[in-house]
Amino acid sequence: MVIKMKEHFYEAEMVKQEIAENKRLSKRGFLDTRDISMELNTLLNADGSCIFTYGKTKIIAGVKILIDKPYPDNPDEGSISIGIELSPMSDPSFGTGPPDETSIELSRVVDRALRESKGIDWKKLCIKEGKFVWMVYVDMYIMNNDGNLFDACEYAALAAMKNARFPKIELTEDTCTIVKGEYENKVVEFTNDPLLFTFVKIDDKIILDPELVEEAASNARFSIAITNDKKMVAIQKGAEGSFKIDEIKDIVSIALKNYDVVHKKLMNAMKKK
Amino acid sequence: MVKNEEWYFDQKGKRFDGRGQFEQRPINLKVGVIDRADGSAYVEWGQNKAVAAVYGPREMLPKHMANPNKATIRYFYRMAPFSVPDRKNPKPGRREIEISKVSGEALSRAAELEQFPNTAIDVFVTILDANAGTRITALLAASLALADAGIPMKDLVSGTSVGKAGGKLISDLSKHEEDAPDAVDLPIAMLPNSDEVVLMQMDGPLTEKEFNEILEVARKSCKEIKDMQVKVLKERFKDDFNGD
C-alpha cells in the first residue's frame with residue numbers, strides 16, 4: 001500500500017537515511033519478518049475467526065461457511081470468497097464508503113495467493129452435485145495499520161480457514177439447511193499452506209515485510225506467494241517504481257528461502273493460540 | 001479455431017492454433033485514431049482489440065486529488081459488454097479496477113510527470129474484443145497514445161504475456177490455453193531500454209527455474225514489441241505537423 005508521501009514525510013526521510021546505512025528503524029535485518037501472534041476462534045458467532053497481529057499490524061478475520069448453489073460449469077465444486085475492509089478506525093487515511101482501488105487490489109491479491117495455490121480441493125466442498133456446495137467466506141477487518149497488509153491478511157485468512165469448522169446440515173432430496181449452533185468435526189483442509197511475501201524497494205535497496213513508514217518511503221512493491229512444495233503461485237508488482245529482472249530473480253530466491261522460517265512462526269503461533 | 005479440445009500441443013510440438021512454443025499472435029499497431037483526443041492508438045493482438053485515448057495534461061478535478069509535485073495518471077481499463085462470449089456488465093468490476101491501478105502505475109514510471117505538477121493525465125482504454133492478454137494489449141495502446149499526445153516519456157512501455165499450459169512454457173496464452181488445468185499466466189510490462197519491470201502479475205504454479213527461464217523469453221519479446229511501437233510512431237510523425 002503506498003501511502004501519500006506528505007503524511008509520513010519526515011519518518012520516510014529517516015527511513016531512507018537508515019536504509020542508506022544498511023539499517024532499519026526497527027533494528028530488523030532487511031530480510032527479517034516481524035513477530036506473529038494470534039487468537040483463534042474467539043468470536044462465537046463466526047464459524048472460525050482469527051485475531052492476527054504481525055508486529056503492530058492487527059487484523060480480524062472471520063469465517064462464515066454457507067450453503068450455495070454451484071456454478072453451472074463446475075456443478076461439483078465449492079469456492080471461497082475473500083473480502084477485506086480497510087476500516088477507517090485503523091488508519092487516518094482510510095475513508096468510509098465503497099471499497100477503493102487500494103482495497104480491491106489488496107483483497108484480489110490475497111484471494112489469488114490462496115486460490116491459485118490449489119491447496120483446497122474444491123470437490124471436497126461439494127455437498128450434492130449440481131445442487132448444494134459450500135461457500136467459505138473470509139471477511140477481514142484491518143484493526144491497526146502498521147504496514148504490509150498484504151502478507152498479514154493472507155496469513156490471517158489462512159489461519160482462520162484452517163481452524164474454521166463446518167456447520168452441521170440437514171440434507172433431504174431437495175433441501176439443505178444449516179443446523180444453527182452445531183458443528184461437524186471437520187475443518188477447511190488446506191494442503192499446501194501458501195504464504196505471501198511482500199517486498200518494497202527503497203532507494204534501490206529491497207526489504208521484506210515493510211512497516212507503514214517504510215511503505216511511505218518506498219516507490220515499488222513486489223508480492224509473491226509460495227507453497228510448501230516451493231512453487232510460486234502468485235505475483236503482484238505494485239506502485240509506481242520498477243524492478244530490474246535480476247532484482248526480481250533475487251526476490252524470488254529470498255522468498256523461497258524464507259518460506260520455512262515464516263511457516264514455522266505461523267504454525268507455532270497457531271498452536272499457542 | 002479449435003474449441004473445447006483438451007489438447008495443447010500436437011506431435012510436432014505445435015500449439016493447438018498452429019503456433020510454435022514461443023510464437024506470439026500477430027500484432028497490429030495504429031496511432032492517431034480519435035481526432036478529438038490529445039493522443040490515441042489502436043492495437044490488435046490476435047483476436048484482442050483495444051483502443052486508447054489520452055486527454056491531458058489537464059486540470060485535476062476534484063482539486064484535492066492533485067499532486068503538487070507531479071501529474072497524476074488516471075487509467076481506465078474497461079471491457080465493452082460485447083467483448084466476451086457472454087455479455088459483460090458494463091459497470092466496472094473489481095478485476096477492471098485492479099488492472100487499471102497496476103497499469104496506471106506502470107505508465108507513471110515511463111512518463112515525465114514532474115513536468116506537469118497539479119494536473120491529471122486521463123488514459124481511457126476500451127477492449128472491443130477479448131481472447132486472453134487484454135491488459136497488455138490495452139497497455140501497448142495506452143503507451144502509444146501517451147506518446148502520440150506528446151507527453152515526454154523516458155521510454156515506451158511494452159509488454160507481453162508468458163506462462164505455461166499443457167506442461168510446457170509458452171508465450172502469449174490464448175483463452176483456450178489460459179483455461180488449461182495447469183495454466184500459468186504471467187503478464188509483464190517493461191521499459192525495454194532500461195530493462196525495468198513496471199508491471200508483473202502471475203497466477204498459477206511455477207518453479208523458480210521455470211520462472212527464470214520464462215522471464216528471459218518475456219524480456220526478448222518486450223524488445224521486439226518496442227521496435228514495432230517505435231516503427232509505427234515514426235510512421236505517424238514522418239511528415240511535419242503542417243503536412244498532415
Side-chain angles (χ1 to χ4, degrees), chain A residues 1-2 4-6 73 82-83 98-109 111-119 192 194 201 219-227 229-257, chain B residues 65 67-70 72-75 92-102 104-111 113 154-155 157 179 181-191 194-216 218-219 222:
Chain A
M1 197 132 325
V2 175
K4 278 204 192 101
M5 200 60 127
K6 54 190 172 194
D73 45 344
I82 306 287
D100 65 349
E101 57 176 22
T102 320
S103 84
I104 288 174
E105 183 188 24
L106 173 61
S107 52
R108 281 180 60 89
V109 172
D111 181 283
R112 213 179 296 154
L114 295 166
R115 192 184 298 275
E116 294 297 333
S117 71
K118 307 200 165 77
N192 58 7
K201 188 166 163 183
N219 66 355
R221 189 189 69 234
F222 199 93
S223 302
I224 170 165
I226 310 260
T227 53
D229 52 357
K230 304 290 149 56
K231 282 204 169 142
M232 314 151 51
V233 292
I235 285 178
Q236 178 90 341
K237 183 255 153 193
E240 292 183 2
S242 66
F243 291 93
K244 301 266 181 191
I245 292 260
D246 291 338
E247 286 173 336
I248 291 175
K249 288 180 180 169
D250 286 346
I251 285 175
V252 169
S253 64
I254 294 163
L256 286 164
K257 268 182 221 141
Chain B
M65 299 279 292
N67 185 334
N69 301 313
K70 57 179 190 171
T72 307
I73 288 187
R74 293 188 291 190
Y75 189 102
R94 293 163 65 84
R95 173 180 168 276
E96 283 160 296
I97 291 170
E98 188 204 339
I99 290 175
S100 300
K101 181 172 189 286
V102 292
E105 289 165 349
L107 283 184
S108 301
R109 177 71 186 172
L113 301 177
K154 296 182 192 84
D155 199 349
V157 178
D179 290 340
D182 67 336
V184 178
D185 184 22
L186 200 160
I188 175 168
M190 296 183 68
L191 308 184
S194 51
D195 250 347
E196 291 172 71
V197 175
V198 290
L199 177 146
M200 183 185 276
Q201 297 182 291
M202 183 181 88
D203 39 40
L206 271 191
T207 63
E208 188 181 6
K209 191 167 159 280
E210 289 171 326
F211 179 73
N212 289 344
E213 190 183 334
I214 203 72
L215 268 191
E216 293 305 325
R219 179 186 351 214
C222 284

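Chain identifiers are assigned alphabetically (A, B, ...) following the order of the sequence lines, protein sequences preceding nucleic acid strands; residue numbering begins at 1 within each chain. The structure displayed is predicted, hence computed values, not measured ones.
- How far CG of B/D185 is from CD1 of A/I235: 11.5 Å, rounded to the nearest 0.5 Å.
- In this structure, chain A has heavy atoms under 4.5 Å from both the backbone and the side chain of B/R109.
- Across all non-hydrogen atoms, the minimal contact from A/E105 to B/K101 is OE1-NZ, 2.6 Å.
- With respect to the salt-bridge test (charged N to carboxylate O, under 4.0 angstrom), the residues B/E210 and A/K231 do not qualify.
- In this structure, the separation between CZ on B/R94 and OG on A/S103 is 6.5 Å, given to the nearest 0.5 Å.
- The choice from A/D100, A/I224, A/I104, A/D246 that makes the most heavy-atom pairs within less than 4.5 Å of chain B is A/I104.
- Atom-to-atom distance recorded for B/D203:CG and A/D111:CG is 10.0 Å, nearest 0.5 angstrom.
- Taking CD1 from A/I226 and CD from B/E208, the interatomic distance works out to 8.5 Å, rounded to the nearest 0.5 Å.
- Under the 4.0 Å criterion applied to side-chain N and carboxylate O atoms, B/E105 and A/R221 are not assigned as salt-bridge partners.
- Minimum interatomic distance between B/E216 and A/I245 (heavy atoms only, all atoms of both residues): OE2-CG2, 4.1 Å.
- The main-chain N or O of B/G204 is never found under 3.5 Å from a side-chain atom of A/K118 such that the two would form a donor-acceptor pair.
- Proximity to chain A (any heavy atom under 4.5 Å) is restricted, for B/L199, to the backbone atoms N, CA, C and O.
- Heavy-atom distances place the side chain of A/L256, and not its backbone, under 4.5 Å from chain B.
- Annotation for B/V198 and A/S242: closest pair CG1-CB, 3.9 Å, computed over non-hydrogen atoms.
- Contact of B/P181 with chain A is made through the backbone alone, with heavy-atom distances under 4.5 Å.
- No other option in B/N212, B/V102, B/T207, B/D195 has as many heavy-atom pairs under 4.5 Å with chain A as B/N212.
- Scanning all heavy atoms of the two residues, the minimum distance from B/Q201 to A/Q236 falls at NE2-OE1, 2.7 Å.
- Partners of A/F222 under the ring-ring contact (aromatic ring centres under 6.0 Å, His included) rule, at least two apart in sequence or in another chain, are A/F243.
- Between the CD atom in A/E240 and the CD1 atom in B/I73 there is a gap of 8.0 Å [rounded to 0.5 Å].
- Residue contact with chain B, scored on non-hydrogen atoms closer than 4.5 Å, involves the backbone and the side chain of A/S253 alike.
- With a 4.5 Å cut-off on side-chain heavy atoms, B/E98 and A/E101 do not count as touching.
- In this structure, A/K257 has no salt bridge (Lys or Arg N to Asp or Glu O under 4.0 Å) partners at least two apart in sequence or on a different chain.
- Interface summary for chain B: among A/E116, A/R108, A/R115, the most heavy-atom pairs under 4.5 angstrom belong to A/R108.
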